[in-house]
**Student:** 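Sharing a structure here in structure tokens format.
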Amino acid sequence: MFVLVNLKAYPCDPVAVAEAARTVADAHGVRIAVAPQAAHIDRVAATGVETWAQHVAPVDHGSHTGHALAEAVADAGATGTLLNHSERRLRLADVDGALDAAERAGLSTVVCANNPEQVAAAAALGPDAVAVEPPALIGGDVSVATADPGIVEGAVAAADAVDPDVAVYCGAGVSTGDDLAAAADLGAEGVLLASGVAKADDPTAALENLVSGV
Ligand SMILES: O=C(CO)COP(=O)(O)O
């Protein structure tokens with residue numbers, strides 16, 4: 001299982017979370033990545049943890065003030081990027097353009113989606129992975145795998161029908177080893193989570209609990 005920790009814009013210490021993630025990943029042989037704010041990518045990557053961007057823009061080098069250029073986040077140390085997160089939605093053409101930008105820069109990609117129908121559309125664009133995250137469950141205490149197992153199974157089936165090479169992750173409310181195990185049982189190959197780690201008093205303990213479900 002792949003564990004992708006999205007730090008959003010939470011007021012946590014990104015380097016402390018990154019060091020915790022690298023330590024737990026190494027100790028347990030689990031792939032854990034951290035997606036900090038763009039301005040923190042270089043400091044997070046310097047810890048040695050797998051580092052992702054939260055977004056890249058569908059643009060090339062040029063006159064694009066204020067856009068997150070895929071090459072720039074890759075230069076800073078990111079090796080992958082989220083796209084179309086529920087809190088950073090894109091138009092379909094911009095998801096496609098951002099996937100092109102990420103591919104140009106050598107970044108792995110996860111396109112987020114609300115439901116199996118959007119998962120199918122996202123998978124058709126050829127990302128490395130899609131992630132189903134029901135917005136109503138994001139930031140809550142009940143994991144998507146418990147609250148709505150059918151949406152995870154539906155996402156796995158939808159992606160498989162379009163392109164079996166696209167991995168399927170799930171997220172929203174994931175915080176424990178039981179949540180991770182439940183997601184795996186439903187066919188997910190990874191989880192996205194945020195508050196369970198970014199808001200934890202002890203991110204190392206939170207991550208240790210999570211990977212106990214691998
Ligand atoms: O949006 C998410 C990850 O990208 C999920 O957030 P929570 O883990 O806080 O529910």
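Order of listing sets the numbers, starting from 1, for every ligand and every atom in it. This structure is a prediction, so every number in the text was calculated from the model and none was measured. Just so you know, residue 1 is the first one in the sequence shown, and it goes up from there.
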**Student:** Heavy-atom cut-off of under 4.0 Å around ligand 1: list whichever protein residues fall inside it, by chain and number.
**Tutor:** N6, K8, H85, E133, I138, G139, A172, G173, L192, L193, A194, S195

**Student:** State whether the side chain of T146 and the backbone N or O of V142 hold a donor-acceptor pair below 3.5 Å, judged by distance alone.
**Tutor:** no

**Student:** If you look only at distance, which donor and acceptor atoms sit under 3.5 Å apart when one is on a side chain in residues 118-127 and the other is two or more places apart or in another chain?
**Tutor:**
| unit_1 | atom_1 | unit_2 | atom_2 | d |
| --- | --- | --- | --- | --- |
| Q118 | OE1 | N114 | N | 2.9 |

**Student:** Can any side-chain N or O of T51 pair as donor or acceptor with the backbone N or O of I41 at less than 3.5 Å?
**Tutor:** no

**Student:** Go through the side-chain N and O atoms of E50 and W52 and say whether any donor and acceptor fall under 3.5 Å apart.
**Tutor:** yes

**Student:** How long is the gap from OG1 on T109 to CG on D128, to the nearest 0.5 Å?
**Tutor:** 4.0 Å

**Student:** Look only at the side chain of D179 and the backbone of S143, and say whether a donor-acceptor pair between them is shorter than 3.5 Å.
**Tutor:** no

